[in-house]
Structures are given as C-alpha cells and as structure tokens.
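Ligands are counted one by one from 1 in listed order, and the atoms in each one are counted from 1 as well.
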Amino acid sequence: MSSFELDVLQGLKATPKYLPSKYFYDHKGDELFIKIMNSPEYYLTDCEFEILSEQAKDILSPFEGLEYFEIIELGAGNGKKTVELLRGLNTKKFTYKPVDISSNALELLSKRLKRELPQVRCEPEQGEYFKVLESLRGKHPKLVLFLGSNLGNMVDERAASFLGALSQVLNSGDRVLLGLDLIKSREIVLPAYNDKNGYTAAFNLNLLKRINKELLGDFQLDKFVHSPEYDEVSGLAKSYLTSTENQVVSLNKPGVQISFQKGERVFMEVSRKYNDQILKTLLTRTQLLIEERFLDSRKYFCDYLLAR
Ligand code: AVI
C-alpha cells in the first residue's frame with residue numbers, strides 16, 4: 001500500500017475525519033497554489049516578497065565575510081521570493097539547494113533561475129522536509145530558508161520536533177530564516193483562505209479529485225463545501241470540507257466505503273499564525289535563538305533570523 005493510500009484511509013476512518021494537507025500538491029494542486037499566491041486576498045506572498053527584496057542585504061549580513069556557504073531552501077515552491085534574496089549575492093560564493101516535495105515545482109523553479117539568475121549554482125533535491133534533513137549535515141556554513149509560513153501547516157508539536165531535528169543537523173554559526181505569518185484580525189486572515197475566485201476552495205476539493213483518480217474513489221465534489229475558520233486569540237486558521245448531505249463514498253482501490261453525515265467536516269489543513277511567544281515556545285527544545293526580525297511595512301509577516 002502506498003503511503004498516500006495508507007494516510008487517506010487512516011484519516012477518513014478517524015473521528016473526526018481528516019486528510020493530510022501535504023497531499024494537496026499534485027500537478028493541479030501546484031497550479032492552484034500559484035493562483036492562490038497571486039490572489040489579492042493572499043497577503044502572505046506580497047509581504048514576504050517585500051521583506052526579501054528590500055532587506056536582503058541585512059538578512060544576509062552574517063554571511064558577508066565568508067568564502068563559501070550554502071543556501072538550503074525547504075519547501076522552495078516556485079522560488080519567486082527567493083530569487084529576490086539571491087539577486088544581490090556574489091554567485092561564486094554560494095550554492096543554492098532547493099528542496100521540495102513536488103518535482104514539478106522544482107522544475108519550474110530551476111527554469112525560473114536559469115532565466116533570471118543563470119549564474120547561480122543550483123542543486124535541487126526532491127523529498128519531504130523531515131526525510132531530507134539528514135542530508136543537510138555538512139561542514140560548510142549554511143543558511144536554511146523555511147519561508148512562506150510553511151511551518152504553519154504543521155501542528156505545534158510537529159513544528160517543535162521539526163525545528164529540533166533541524167537544529168540538530170546544523171553547526172554552530174549556521175542560520176535559519178524562518179518566514180512566519182503573524183497573528184492578526186480575522187478580517188484580514190479569513191479572506192486569504194477564502195478568496196473570491198474560489199482558488200482555495202478548489203485547492204481543498206482537488207484532494208478529493210486526487211483520491212478519486214489515484215484510489216479509484218467516487219467523491220462527488222459538489223457535495224462538499226470549503227469551510228475555513230480562524231480564531232484570532234489562538235492564531236489558528238483551519239480549513240475543512242463539509243459534507244452537504246448524508247452520503248457514502250467508495251474508495252475502490254483499498255475497497256472501502258466511508259459514510260459522511262450531513263454537516264460533517266473533514267479537517268484539511270492548519271495554517272498557524274504566530275507571535276514571538278509562540279515561536280519561543282517552539283524553540284525551547286532546540287539550540288536555535290531568535291537573532292533578528294525582519295517585518296514588512298504593514299507588520300503582517302515576519303522573517304525571523306535564527307542562529308544556531
Ligand atoms: C503553504 N502554506 C503556507 C499555505 C498556507 O497559507 O497555509 C497553504 C495554503 N492553503 C490554503 N491557502 C494556502
């Protein structure tokens with residue numbers, strides 16, 4: 001059984017039901033995520049683009065005097081923001097190593113780099129963050145980029161163990177640039193997860209489509225609605241797909257039937273929003289310390305520079 005099949009089965013048999021958001025990113029999911037990032041409601045990308053393009057020099061200052069270093073990007077996506085950070089650097093001094101679960105996203109990124117910064121030495125690696133961590137060990141000084149509030153898609157416990165594992169493969173003096181979306185009002189956050197064009201709804205529903213295709217399922221997409229929620233006290237944004245009627249869905253590959261009640265929700269994704277305190281709690285069991293904060297002009301988003 002593939003891990004996709006196992007994880008989907010486990011999630012749909014659980015109470016309450018859930019599906020892991022890491023499976024959003026098939027070919028169609030990648031396309032929809034790019035549309036989300038270009039949506040006016042999805043402020044995260046613009047904020048971080050502003051930070052990286054306007055403050056690149058300050059962000060990279062700890063690496064200024066070094067002869068050679070590596071820039072490793074976890075969850076590189078299409079690299080639009082990172083290109084801004086790399087633009088001002090002397091290309092002989094570093095290697096850029098983007099890591100992503102999506103080989104399609106890595107291909108798009110490599111093409112973008114060839115077009116926009118052809119001199120940059122780029123060594124892409126396809127894989128899950130947790131699984132590639134070991135391969136990051138090495139003697140060269142490192143800057144690890146974990147941008148886009150990607151950490152927010154992990155529940156806190158997993159985020160803390162991820163940061164712990166990351167800290168363990170780094171050497172003293174290495175840095176992590178961690179891009180986090182900050183806690184703010186629901187009037188700003190909720191529309192980012194419920195855009196008017198319906199890209200976010202389609203992004204969530206696309207996972208049902210993927211299950212239909214890969215696990216021979218018969219989900220009827222018009223019988224589920226995208227229902228995001230956000231609690232501005234805890235900073236937790238959560239996305240659900242809600243069943244609009246009592247229904248039974250078959251997955252013919254494992255050969256199971258799953259019942260849904262009218263109004264029953266399938267938890268699809270957490271997108272945590274942060275503040276200093278929440279981040280400090282996640283860092284307690286690591287050897288990473290907050291060295292500096294880089295904010296956008298609206299103070300919606302923060303790129304934290306962490307030092308090992
Ligand atoms: C990739 N990640 C940080 C996005 C987020 O904001 O949680 C994924 C996303 N889901 C819906 N819209 C965007």
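The atoms of ligand 1 that sit less than 4.0 Å from any heavy atom of Asn150 are 1 (C), 2 (N), 3 (C). Below 4.0 Å from some heavy atom of Tyr25 lie the following atoms of ligand 1, by number and element: 1 (C), 8 (C). Against a heavy-atom cut-off of under 4.0 Å, Asn153 is close to the following atoms of ligand 1: 1 (C), 2 (N), 3 (C), 4 (C), 5 (C), 7 (O). When each atom of ligand 1 is checked for a heavy atom of Gly148 under 4.0 Å away, the hits are 3 (C). The atoms of ligand 1 that sit less than 4.0 Å from any heavy atom of Thr200 are 11 (C).
Judged by distance alone, the side chains of Asp276 and Tyr304 do bring a donor and an acceptor atom under 3.5 Å apart. A donor-acceptor pair shorter than 3.5 Å can be found between the side chains of Glu73 and Tyr96.
Residues Glu269 and Phe24 meet the side-chain proximity criterion, which asks for heavy atoms closer than 4.5 Å.
In this pair, Tyr129 and Phe162 present their aromatic rings tilted. The plane angle is within the 30 to 60° band. Between Phe267 and Tyr240, the ring planes lie tilted relative to each other; the angle falls in the 30° to 60° range.
Between Gly152 and ligand 1 there is no heavy-atom distance shorter than 4.0 Å. A heavy-atom separation below 4.0 Å is not found between Tyr199 and ligand 1. At least one heavy atom of Tyr42 sits closer than 4.0 Å to an atom of ligand 1.
In this structure, the protein non-hydrogen atom closest to atom 11 (C) of ligand 1 is Glu269 OE1, 3.4 Å. From the protein, the heavy atom lying nearest to atom 7 (O) of ligand 1 is Ser271 OG, 2.6 Å.
When Glu48, Lys184, Arg298 are each tested for a side chain to side chain donor-acceptor pair (under 3.5 Å) with Tyr43, only one passes: Lys184.
Contacts of Phe33 with ligand 1, taken as heavy-atom pairs under 4.0 Å, involve the side chain alone.
Ion pair Glu229/Arg265 flagged as a salt bridge, since at least one NZ, NE, NH1 or NH2 atom sits closer than 4.0 Å to an Asp/Glu carboxylate oxygen.
Linking Ile, Leu, Val, Met, Phe, Trp and Tyr whenever their side-chain heavy atoms come within less than 4.5 Å leaves Leu166 and Val155 in two separate clusters.
For ligand 1, the polar-atom distance check against Ser149 finds no nitrogen or oxygen pair separated by under 3.5 Å.
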